[in-house]
Amino acid sequence: MVSDAQLTQTIQSLKDPEIGRNFGELEMLKGVRRSGEVVSVQIELPTPAYPGRERISGAISAAVKQSDPGVGQVDVEFSAVVRGAMSGGSFGLRAKNVIAVGSGKGGVGKSTVATTLAYGLKTLGCQVGLMDADVYGPSVPHMIGSTERPSAVKVMTKSGEEIERIQPVSSDGLKVISMGYFLKPDQAVIWRGPLLHRAITQFLKDTDWGELDYLIIDLPPGTGDISLTLSQTLGLAGAVVVCTPQQVALLDAVKAISMFNQVKIPVLGIVENMTGEIFGRGGAKSKAEELHIPFLGELPIDAGIRIRGDAGQISSLFSEENPSRKPLLHICEQVAMQIAKQLLVAPKMPTLEIL
Ligand code: ADP
């Protein structure tokens, strides 16, 4: 009979099918127990949005049975703890991963993707916040069907000081804050750079977000102002660029990517939205390949998305029978895995003791 230590070693040396490094390096193996012919293996995933559970089970089961033919059954049990850099800057923001969602121009479905990314990650079991920073057209309150103004709450700091914070709106367990809650309907505001900077930092700093696995930020289209503020004040996990498949729209997406490069925000990848007969299919995918940027999936054009967005019921896109559920969850998984890969595959930096 092969010893437990040998079984552990066999599993540690297997490669994770999504990330491409072995379970030992990724510190994903949390336990191996044998009881007669049955071996139980505990794997801790780097995010609940991990798409390859069956492949992991299959690979572990085959390797264990091969190393010890006396094993009759292998049970792989999964848990998940979101990995993240927890880089909330000096704001005391406790978000493991901050994700910006941007686009080269308006109307491509950026807010739809940002909102469904947030609901999707929530559906998959993560703690999620959604910050609508699209000051020029804050559409998130409308899409989630919650236009009430958030309340102010008093909270105690660690040092015993009482301070006032903004209580985010809760929508199906998702914490949401939007510029739309603070503007009167039809109110136009001229947002100059310093004002934008102040508004965004206040949202990050003064909102009672609690602990989050992912904070999704819906950026205004095109402009780099807010992106610059974010890159200077936080360590973002990266940006998701949304575009539609036709050539003219792709030109704007390339500009958005170039803007993120300039402000040093890593681009996690491109999402193609409104795929279908009207705008075509595959344009964003080939552009992503050309630019060596990950392609994060496509969301087909579907009147149901527009109707639910207008009715404030966008979360219902995740109901079991909805045709958009599958492509949306696929996008969520791809985004989460890009972040995990960035964290776990990037070579470890040597640390200096004095820092
Ligand atoms: P943006 O944030 O880029 O301005 P929105 O997310 O507000 O874009 O979307 C613009 C409009 O397109 C909204 O009415 C929205 O419901 C609709 N829409 C977005 N994605 C789709 C889709 N895949 N199919 C159908 N309608 C969509």
Side-chain angles (χ1 to χ4, degrees), residues 99-120 130-147 171 174 176-181 183 185 188 191 216-227 239-246 248-257 259-260 267 269-285 295-319 322-332 334-335:
I99 307 168
V101 180
S103 64
K105 62 171 181 174
V108 298
K110 173 186 53 59
S111 298
T112 304
V113 170
T115 309
T116 50
L117 182 60
Y119 275 122
L130 172 63
M131 174 171 142
D132 177 10
D134 187 348
V135 288
Y136 305 111
S139 48
V140 168
H142 187 85
M143 281 188 187
I144 66 169
S146 160
T147 46
S171 169
L174 187 70
V176 186
I177 203 82
S178 167
M179 202 55 83
Y181 292 130
L183 303 172
W191 291 98
I216 315 292
I217 304 183
D218 183 10
L219 295 176
T223 144
D225 274 329
I226 291 182
S227 306
V240 170
V241 174
V242 181
C243 68
T244 46
Q246 74 277 36
V248 276
L250 289 169
L251 295 175
D252 293 299
V254 173
K255 278 190 209 149
I257 291 165
M259 182 274 290
F260 285 124
V267 174
I270 302 183
V271 169
E272 180 173 292
N273 187 27
M274 307 196 188
T275 307
E277 256 176 52
I278 298 173
F279 298 121
R281 182 178 188 198
K285 190 172 186 188
F295 180 65
L296 302 168
E298 60 184 35
L299 178 59
I301 192 157
D302 176 16
I305 297 179
R306 203 265 307 149
I307 292 165
R308 283 161 203 256
D310 271 350
Q313 291 169 352
I314 201 128
S315 66
S316 66
L317 292 172
F318 288 97
S319 61
N322 195 285
S324 299
R325 178 185 160 94
K326 207 170 153 209
L328 285 172
L329 289 179
H330 175 77
I331 293 168
C332 295
Q334 292 304 306
V335 171

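Reckoned from all heavy atoms, side chains included, excluding hydrogens, waters and symmetry mates. Just so you know, these numbers come straight off a predicted model, no measurement behind them. Ligands are counted one by one from 1 in listed order, and the atoms in each one are counted from 1 as well. By convention here, the first residue in the shown sequence is residue 1.
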**Q** Considering only the protein, which heavy-atom contact is closest to atom 4 (O) of ligand 1, and what is its distance?
**A** Gly107 N, 2.8 Å
**Q** Flag Val108 as yes when one of its N or O atoms lies below 3.5 Å from any N or O atom of ligand 1, and as no otherwise.
**A** yes
**Q** Can you tell me which residue and heavy atom of the protein come closest to atom 23 (N) of ligand 1, and the distance to 0.1 Å?
**A** Asn273 OD1, 2.9 Å
**Q** Closer than 4.0 Å and a protein heavy atom, does any atom meet both conditions relative to atom 11 (C) of ligand 1?
**A** no
**Q** Please lay out, stage by stage, how Phe260 and Leu219 fare under the test side chain to side chain contact (heavy atoms under 4.5 Å, CB included).
**A** CA-CA 12 Å; Phe260 285 124; Leu219 295 176; 3.6 Å; yes
**Q** What closest approach, in Å, do Pro245 and Asn273 show between heavy atoms, and which atom pair accounts for it?
**A** CD-O, 3.3 Å
**Q** Between Asp310 and ligand 1, which residue portion shows a heavy-atom distance shorter than 4.0 Å: side chain, backbone, both, or neither?
**A** neither
**Q** Does Lys105 have more than 12 heavy atoms from other residues, nucleotides or ligands lying within 6.0 Å of its NZ?
**A** yes
**Q** May I ask you to test the Pro221-Asp134 pair for a side-chain heavy-atom distance under 4.5 Å?
**A** yes
**Q** Given that the side chain starts at C-beta and the backbone is N, CA, C, O, which of these parts of Thr112 lies under 4.0 Å from ligand 1, counting heavy atoms, or is it both or neither?
**A** both
**Q** Do Ile305 and Thr116 come within less than 4.5 Å of each other through their side chains, counting heavy atoms only?
**A** no
**Q** Identify, for atom 8 (O) of ligand 1, the protein heavy atom at the shortest distance, and state residue, atom and that distance.
**A** Gly109 N, 3.0 Å
**Q** Would you tell me which option among Lys110, His142, Met143 has the nearest heavy-atom contact to atom 7 (O) of ligand 1?
**A** Met143
**Q** If you have a sec, work out which protein heavy atom is nearest atom 18 (N) of ligand 1 and how many Å separate them, to one decimal?
**A** Met274 CE, 3.8 Å
**Q** How about atom 25 (C) of ligand 1: does it have a protein heavy atom within less than 4.0 Å?
**A** yes
**Q** What atoms in ligand 1 come closer than 4.0 Å to a heavy atom of Ser111?
**A** 1 (P), 2 (O), 6 (O)
**Q** Report the part of Pro300 in contact with ligand 1, treating N, CA, C, O as backbone and CB onward as side chain, heavy atoms under 4.0 Å; options are side chain, backbone, both, neither.
**A** backbone
**Q** Could you walk me through whether Cys243 and Asp252 satisfy the side chain to side chain contact (heavy atoms under 4.5 Å, CB included) test, starting with their C-alpha distance in whole Å, then the side-chain angles of each, then the deciding distance to 0.1 Å, before giving a yes or no?
**A** CA-CA 8 Å; Cys243 68; Asp252 293 299; over 6 Å; no
**Q** Take atom CZ of Arg325 as the centre, draw a 6.0 Å sphere, and report whether it contains more than 12 heavy atoms from other residues, nucleotides or ligands.
**A** yes
**Q** For atom 14 (O) of ligand 1, grab the closest protein heavy atom and report residue, atom and distance to one decimal in Å.
**A** Arg306 CG, 3.6 Å
**Q** Can you find a heavy atom in the side chain of His330 that is under 4.5 Å from one in the side chain of Gln334?
**A** yes
**Q** Under 4.5 Å between any side-chain heavy atoms of Leu130 and Thr115, yes or no?
**A** yes
**Q** Could you tell me the residue and atom name of the protein heavy atom closest to atom 21 (C) of ligand 1, and the distance to it rounded to 0.1 Å?
**A** Ile305 CG2, 3.7 Å
